[in-house]
Amino acid sequence: MKDRLRQQIGNALQACFDNNLLDSGVVPEVQIEVPGNPDHGDFSSNLAMTMARAEKKSPRQIAEALVAELGNCDFLSKVEIAGPGFVNFTLAPTCWYEVLDDIIAKGKKYGLSQVGQGRKVQVEFVSANPTGPLHIGHGRGAVVGDAVASILQAAGFDVQREYYVNDAGNQVAILGRSIWMRMREQSGETVVFPDDGYQGEYIRDLAAKLCEEDPTVAGLGEDEATKRCTVFGVRKILDWISADLKNFGIIFDNWFSEQSLYDRGMVNTELAKLADKGLSYEQDGALWLRTTDYGDDKDRVLIKSDGSPTYFASDVAYHMEKFDRGFERVIDVWGADHHGYVPRMKAVVAGLGHPPEDLEVLLIQMVNLLRDGKAYTMGKRSGNFITLSEVVDEVGRDACRFSFLMRRSDSQLDFDLELAKRQSTDNPVYYVQYAHARVCSIYRNAEEQGVTFPKCGAVDLSSLTLPEELMLAKQLARYPEMVVGAAQNCEPHRVVYYLQELAAQFHSYYNRKRVLVEDSATTQARLYLVDGVRTVLANALNLLGVDAPERM
RNA sequence: GCGCGAUUAGCUCAGCUGGAUAGAGCGCUGCCCUCCGGAGGCAGAGGUCACAGGUUCGAAUCCUGUAUCGCGCGCCA
């Protein structure tokens with residue numbers, strides 16, 4: 001719709017030049033936006049104002065020339081010049097009727113686009129260390145990453161969801177030691193549990209389970225036993241994590257092991273490449289990467305003076321490997337407390353000859369867990385943290401996902417368990433889902449009354465003349481470009497706000513007008529309209545991984 | 001100290017990449033069920049967009065500075 005208007009304006013502009021109404025010959029990019037005030041039409045353009053300088057004419061003069069050349073156009077019902085030189089366009093109702101046909105015809109596919117042109121994108125998210133169950137903070141990153149991936153898919157990108165498993169470093173070694181200590185404890189030994197060990201109760205469970213599955217471990221020497229404990233612990237915990245994520249509606253395409261980078265010798269080969277490019281140097285017995293060349297405030301260590309690689313080293317190899325796999329756009333979803341890590345990672349990407357924008361890091365701010373307005377504290381080390389699955393089980397998957405997506409992900413989020421659980425007005429999830437269920441209910445009633453359902457493309461919509469009906473159609477028409485905007489900016493909250501607006505408009509309409517009325521032409525047209533509402537609600541909810549129930 | 005991010009209604013937050021009279025939800029006040037689901041709707045009150053400059057036709061949005069808050073600054077991961 002917008003494109004059609006854009007083209008029309010372009011033609012008119014050309015005509016202005018041809019007829020010497022305008023003489024600069026400078027064709028600016030035509031900006032078209034949806035005005036906030038409906039009195040200003042369906043679309044407006046600031047073209048005349050942006051051209052004023054080059055033309056050396058007042059914006060209104062330019063606007064008048066433009067409007068004159070626009071002439072009569074079948075899909076525009078009104079064109080007027082307003083304010084300092086805006087040109088406001090009001091489209092003929094038939095335009096909006098076409099949108100409805102389009103929605104019904106496309107159904108689940110309405111809102112999909114090809115702006116991504118099939119480019120390969122990887123979204124890496126969660127990637128929590130496999131040393132304990134996921135807690136609530138991971139949940140937000142999980143949902144945001146998943147929704148971003150879905151939105152990018154809808155926008156025509158070829159998306160892969162990946163979980164990076166940190167199964168090589170210190171943390172998992174500590175996990176192994178913790179399990180080993182508990183095993184010895186359970187066999188009657190008195191042990192001093194290490195200060196840096198994992199305190200959680202689940203460590204005891206793992207120790208007991210390992211003892212049961214493989215009693216020989218207890219008889220092994222310290223080194224071999226902790227190794228076995230580590231492998232066992234990581235495997236079991238990853239099972240929990242993937243089950244929790246599945247329960248939350250999240251399925252990864254790939255689980256990428258950090259250890260595999262070492263096993264394949266990739267860390268060394270990638271570090272050698274960096275050395276060849278002169279990007280690394282030795283000092284104080286350690287190997288450093290010149291990240292300062294690319295805006296970092298300090299060079300970073302790759303290999304410690306004791307000869308062991310840092311976490312950064314494998315992360316460098318990992319990111320190089322991502323690009324080697326052919327991803328053109330790499331998106332990392334991190335906790336905001338890692339933001340200091342961004343410049344050095346971008347430095348790596350730049351050093352490898354990729355534009356730094358090819359790596360996008362989404363920083364997910366903290367979640368403050370509340371219950372009835374009172375803060376819940378959590379500390380992973382102390383062991384009494386709140387797990388993701390507890391929260392999902394308590395408040396439900398849909399409410400949980402929706403709550404995590406309600407705000408921009410880079411701003412802090414208060415998550416109140418009681419509020420999220422409440423099935424009432426206070427809770428926007430149900431408000432939106434209720435709108436969907438209501439349309440379904442109307443259709444159930446229609447069926448009971450023996451009303452025939454409207455057929456796609458074969459409905460006379462001319463009875464849809466009420467402002468609220470056209471408003472609804474316009475909101476539905478905006479959906480595809482909203483999805484594109486959300487994809488370009490990796491901002492799933494835009495979908496949430498869109499849904500709330502659409503649901504509000506529908507509820508208002510529902511209260512004001514009946515769909516099933518005496519006049520059958522009106523009934524048919526209105527059924528068609530609300531079917532469009534239902535379709536778009538369902539499609540948008542689907543992007544967020546939230547159900548669109550037929551009854552509640 | 002340096003860096004990153006924030007500051008919008010009583011509270012929690014949007015603001016579509018610089019547009020016209022700054023919007024929602026909650027809370028507050030007053031209304032609407034002979035009505036397809038009241039888990040709903042309508043109306044009202046509530047603002048110096050932290051502060052001070054700057055850029056231009058035009059700024060909540062961009063730039064500079066100040067204040068306050070949060071986070072990060074390991075040869076940890």
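Values reported hereafter were calculated over all heavy atoms of this structure, with side chains retained and with hydrogens, waters and symmetry mates removed.
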Under 4.0 Å between a side-chain N/O of [X] and OP1 or OP2 of [N], yes or no?
| X | N | answer |
| --- | --- | --- |
| A:K298 | B:C75 | yes |
| A:R408 | B:G15 | yes |
| A:R438 | B:G38 | yes |
| A:Y431 | B:G41 | yes |
| A:S411 | B:A14 | yes |
| A:S508 | B:C42 | yes |
| A:N46 | B:G58 | no |
| A:K304 | B:G74 | no |

Could you state the [atom1]-[atom2] distance from [X] to [N], rounded to the nearest angstrom?
| X | N | atom1 | atom2 | answer |
| --- | --- | --- | --- | --- |
| A:R514 | B:U34 | CZ | C1' | 12 Å |
| A:Q475 | B:G23 | CD | C1' | 14 Å |
| A:L289 | B:C75 | CG | C1' | 14 Å |
| A:Q505 | B:G23 | CD | P | 15 Å |
| A:Q500 | B:U12 | CD | P | 17 Å |
| A:M345 | B:A77 | CE | P | 14 Å |
| A:L499 | B:A24 | CG | P | 18 Å |
| A:N368 | B:C71 | CG | C1' | 13 Å |

Any base atoms under 4.0 Å from [X], or only sugar-phosphate, or nothing? Heavy atoms, all strands.
| X | answer |
| --- | --- |
| A:Q449 | nothing |
| A:Y510 | base |
| A:N166 | nothing |

With no hydrogens and no angle check, is any side-chain donor or acceptor of A:T292 less than 3.5 Å from a backbone partner on A:D297? no
When you measure from the side chain of A:S257 to the backbone N and O of A:S260, does any donor-acceptor pair fall under 3.5 Å? yes
Aromatic stack A:H40/B:A20: centroid gap under 5.5 Å, interplanar angle under 30°: yes
Tell me whether A:Y497 and B:A14 count as stacked here, given that the ring centres must be under 5.5 Å apart and the planes must differ by less than 30 degrees. no
May I ask which nucleotide in the shown strands pairs with [N], Watson-Crick or G-U wobble, both distances under 3.5 Å?
| N | result |
| --- | --- |
| B:C73 | B:G1 |
| B:A20 | none |
| B:U61 | none |
| B:U29 | B:A43 |

C1' spacing across the pair B:U7 / B:U12, given as an integer number of angstrom: 14 Å
Expressed as a whole number of Å, how far does the P atom of B:C2 sit from that of B:G19? 34 Å
When you measure only distances, ignoring hydrogens and angles, does the side chain of A:N88 come within 3.5 Å of the base of B:A20 through a donor and an acceptor? yes
Can you find a donor-acceptor pair, distance only, under 3.5 Å between A:T310 side chain and B:C75 base? no
Mapping A:H493 and A:G169 onto RNA chain B by nearest heavy atom, which one lands closer to the 5' end? A:H493
Return the 5'-most residue of the pair A:F43, A:Y341 with respect to RNA chain B, ranking by each residue's nearest nucleotide. A:F43
Please tabulate, one pair per line, each protein N/O and nucleotide N/O from nucleotides 1-7 of chain B that are separated by under 3.5 Å, including the distance.
from : atom 1 : to     : atom 2 : distance (Å)
B:G3 : N2     : A:H339 : NE2    : 2.7

For atom NZ of A:K2, decide whether the heavy atoms of other residues, nucleotides or ligands shown that lie under 6.0 angstrom number more than 12. yes
Is the shortest distance from a Lys or Arg side-chain nitrogen in A:D306 or A:K304 to a carboxylate oxygen in the other one below 4.0 Å? no
Would you give me the side-chain donor-acceptor pairs under 3.5 Å for residues 340-348 of chain A, sequence neighbours excluded?
from   : atom 1 : to     : atom 2 : distance (Å)
A:Y341 : OH     : A:D315 : OD2    : 3.4
A:K346 : NZ     : A:P356 : O      : 3.3
A:K346 : NZ     : A:L359 : O      : 2.8

I need the single residue from A:L405, A:V546, A:V395 that forms a side chain to side chain contact (heavy atoms under 4.5 Å, CB included) with A:C400. Which is it? A:V395
Anything under 3.5 Å between a donor and an acceptor, one on a side chain of residues 439-451 of chain A, the other on a protein residue two or more places apart or in another chain? List them.
from   : atom 1 : to     : atom 2 : distance (Å)
A:Y443 : OH     : A:L527 : O      : 2.8
A:R444 : NH1    : A:E550 : O      : 3.1
A:N445 : ND2    : A:S441 : O      : 3.0

Is the A:F256 to A:Y318 ring centre distance short of 6.0 Å? yes
Looking only at heavy atoms, what is the nearest atom pair of A:L289 and A:L302, with distance? CB-CD1, 3.8 Å
